[in-house]
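Have a look at the structure below, then the notes.
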Amino acid sequence: LNASLGGGFNRYEGHHFGQVLWVKDYIGELAPNQEYYRNKGTKNDGNIYVKADYQLANGLNMYADMQYRHITYQIQGTNDKWNSVTNDGLQRLDIDEKFGFFNPKVGLSWQMDKNQRLFGSFSVAHKEPTRNNYTDGKILEHPKQERLLDYELGYTYANSWLNLGANLYYMDYKDQLVLTGELNEIGEPMAANMPDSYRMGVELMAGIRTDFGFSWDVNATWSRNRIQNFTEILYENEEAGGDRLEIHHGDTPIAFSPDFVLNNCFGYEYKNFEVSLQSQYVGKQYMSNACQEDHVLDAYFVSNLNFSYSFKLPWVKSAKVGLTVYNLFNEEYENNGYAGSGFYYDNGEKVRYNYAGYEINDYVNDVCRVLMDYLVRKGHIDPNTHRHSLVDCLLMSALLHDVYYEGPNRPSTLFRAREEFTPIARNAELYMYGAIPEQIIDAVFQAIEEQMGDASEIKKLAPIPGSPSDIL
């Protein structure tokens, strides 16, 4: 029998505040660097644990871990977000939470022979909400702790040139905090507790090593990630505290949880030189938990090529230089984004609407670069003296890019932006951007027409000029 006892204690204190750094056309008194929000967070985290390992028979071991954690968490002060329920100022934070978690784990490990091992385990784990869950979520929702029951069964095989592995898992959650796909008013991803959910699947791994420097590693995960008996609550025009619409979906896929992921790596090593081709396939995934086809991230396959060379220097043990070609085959793909829903009344009937925005890798960077080069070249902006105009322009170009590709018959991006940016205007942070000059907007349209064709349909959807909320 081998056993150990231990523990630890950590205390965290953080002061969070914001200052108005720049204001355009402000009427009234405003001191330089005036503070507009401040709050203090204090977290105490203590734990004690005992671990034991007992050999039942030759090659057969049983192990057990037991941990107790106690956490206290306080956040006091004002948040950096507007109170959309009372509409009388920034949100007040008055968080005083205490958590006590007992996290046990028990398992068996059987070394069948020098190459093969079979193992299984059961564990219980708890997780407290993070600061972002308290400060960036919906104002009418209070985050709760998570609880996980984890069951695993695995097998590995290893010799001098081959490694194989398989692992079955079932993760049963209570109040799992999952991303909803929505962004709050300052663009932070939001999460919410789901009363009942699970993740189950199989992980497969294989690796080959040769005497002549070639290697091959591959792993894949097939999984099923579901929220059970999911009930979606929508608000009229997404206004908290307004009219509600409840939709019962049954079991739905968990947001940002693809059912299949594959990673592959071919490598070659010769003396101090290494080269590898790394590839990843990620299956279809939803950006919200309501299983809406308007909220889908399509499957994608992307590869990176890596070169490196190691050498020695007199004053260091070793040094390495490398070169990586990302997205080797110039794949245009989306690996992140946001999504949400609301409803409006039409002749007394509640009508659902969906919206989505995407991070388009490779292409968006090129669009922004071309747009900025065009605006600087034409003299519309000076990059040295109009930094805020650059930010405004990038925001506008990203918005127009979304509308252009969603089409004029799907103005959900404009609707979403108008709904989100109006409350932000009450927050002092927005004023640092100022209004977007009319000539900038005209230049944006010119650049779009130069690069992508006619922008007349986009112009119909984007009134000009005025404040950022008017333009959006």
Side-chain angles (χ1 to χ4, degrees), residues 1-16 39-54 61-77 79 93-109 119-138 141-154 167-180 188-201 203 223 225-228 254-257 289:
L1 174 67
N2 296 312
S4 61
L5 176 69
F9 178 82
N10 294 281
R11 178 179 174 85
Y12 308 90
E13 289 188 6
H15 294 268
H16 303 262
N39 61 74
K40 178 183 177 181
T42 304
K43 182 177 182 180
N44 296 309
D45 186 349
N47 71 86
I48 185 171
Y49 66 87
V50 59
K51 303 174 66 174
D53 187 331
Y54 182 71
N61 285 67
M62 181 178 71
Y63 59 90
D65 302 346
M66 290 182 290
Q67 182 203 53
Y68 178 77
R69 285 183 68 210
H70 183 76
I71 302 115
T72 63
Y73 200 1
Q74 294 88 32
I75 307 177
Q76 305 291 331
N79 203 0
L93 295 172
D94 187 15
I95 309 298
D96 188 1
E97 299 274 35
K98 294 180 175 63
F99 302 97
F101 299 146
F102 175 60
N103 300 318
K105 180 177 182 178
V106 62
L108 288 172
S109 176
F119 57 90
S121 66
F122 168 74
S123 62
V124 180
H126 297 82
K127 180 178 178 293
E128 73 279 9
T130 66
R131 173 184 168 82
N132 285 352
N133 296 140
Y134 289 114
T135 61
D136 295 338
K138 294 183 177 179
E141 296 181 2
H142 187 76
K144 296 180 288 187
Q145 67 188 48
E146 296 180 353
R147 188 218 61 193
L148 165 65
L149 305 180
D150 182 38
Y151 308 82
E152 302 206 17
L153 178 65
N167 189 57
L168 299 170
Y169 66 90
Y170 181 81
M171 305 169 74
D172 182 15
Y173 287 92
K174 179 68 174 176
D175 294 323
Q176 181 183 185
L177 278 161
V178 302
L179 293 172
T180 65
E188 294 285 343
M190 293 197 292
N193 292 104
M194 298 298 153
D196 296 293
S197 61
Y198 65 87
R199 300 177 185 270
M200 62 180 296
E203 300 168 323
S223 62
N225 313 287
R226 296 294 184 267
I227 297 171
Q228 298 170 283
I254 298 176
F256 300 99
S257 301
N289 297 299

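Only heavy atoms go into these numbers, but all of them, side chains included; no hydrogens, no water, no symmetry mates. Note that the structure is predicted; figures quoted are calculated from it, not measured.
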Interatomic distance, OH@Tyr63 vs NZ@Lys105, rounded to 0.5 Å, equals 5.0 Å

**Asked** How about Arg131 and Tyr73: do any of their side-chain heavy atoms sit closer than 4.5 Å?
**Response** yes

Heavy-atom neighbours of Tyr170 OH exceed 12 at 6.0 Å:
yes

Report yes if some heavy atom in the side chain of Lys138 is under 4.5 Å from a heavy atom in the side chain of Thr180; otherwise report no.
-> no

side-chain contact (heavy atoms from CB on, under 4.5 Å) evaluation trace for Tyr151 with Met200 = CA-CA 9 Å; Tyr151 308 82; Met200 62 180 296; over 6 Å; no

Which of Asp196, Ile227, Ile254 passes side chain to side chain contact (heavy atoms under 4.5 Å, CB included) with Gln176? It is Ile254

- Message: With a 3.5 Å distance limit and no angle check, can you tell me whether Asn133 reaches the backbone of Pro143 through a side-chain donor-acceptor pair?
- Response: no

- Is there a side-chain contact between Phe9 and Asn44, using heavy atoms and a 4.5 Å cut-off? yes

Rounded to the nearest 0.5 angstrom, the CG-CG distance for Asp94 and Asn39 is 11.5 Å

- [ ] Kindly check if the number of other-residue, nucleotide or ligand heavy atoms within 6.0 Å of NZ (Lys43) is above 12?
- [x] yes

### Message
Checking the side chain of Asn289 only, and the main-chain atoms of Leu179 only, is there a donor and an acceptor separated by less than 3.5 Å?
### Response
yes

* Asked: Do Thr130 and Asn132 get their side chains close enough for a donor-acceptor pair, meaning under 3.5 Å?
  -> no

Here the pair of heavy atoms bringing Lys174 nearest to Pro195 is CD-O, 3.2 Å

Original post:
Backbone N or O of Asp45 within a donor-acceptor pair of the His70 side chain at under 3.5 Å?
Top reply: no

Pair Tyr134 and His142, ring centroids less than 6.0 Å apart:
yes

Rounded to the nearest 0.5 angstrom, the CG-CD distance for Asp172 and Gln228 is 7.0 Å

- Query: With a 3.5 Å cut-off and no angle check, do the side chains of Ser109 and Asn61 form a donor-acceptor pair?
  - Reply: no

Q. Glu146 side chain to Lys127 main-chain N or O, any donor-acceptor pair under 3.5 Å?
A. no

In short, Asp175 meets Gln145 closest at the heavy-atom pair CB-O, 3.4 Å

Please determine, by modelled atom types, if Glu203 and Asn167 share a side-chain donor-acceptor pair under 3.5 angstrom.
-> yes

Output for pair (Glu13 CD, Gln74 CD), nearest 0.5 Å, gives 10.0 Å

Smallest heavy-atom separation, Gly100 atom then Tyr68 atom, equals CA-OH, 3.7 Å

Between the CG atom in Asn79 and the CG atom in Leu93, the distance rounded to the nearest 0.5 Å is 4.5 Å

Side chains of His126 and Arg69: closer than 4.5 Å at any heavy-atom pair?
no

Rounding to 0.5 Å, atoms CG (Leu153) and CZ (Phe119) come to a distance of 7.5 Å

Could you tell me if the side chain of Arg11 sits less than 4.5 Å from the side chain of Thr42, heavy atoms only? yes

Problem set entry | Flag side-chain contact, heavy atom, 4.5 Å: Asp150 against Glu152 | yes

- Is the closest side-chain heavy-atom distance between Asn103 and Tyr49 below 4.5 Å? no

Q. Taking the side chain as C-beta and beyond, is there a heavy-atom pair between Phe122 and Leu149 under 4.5 Å?
A. yes

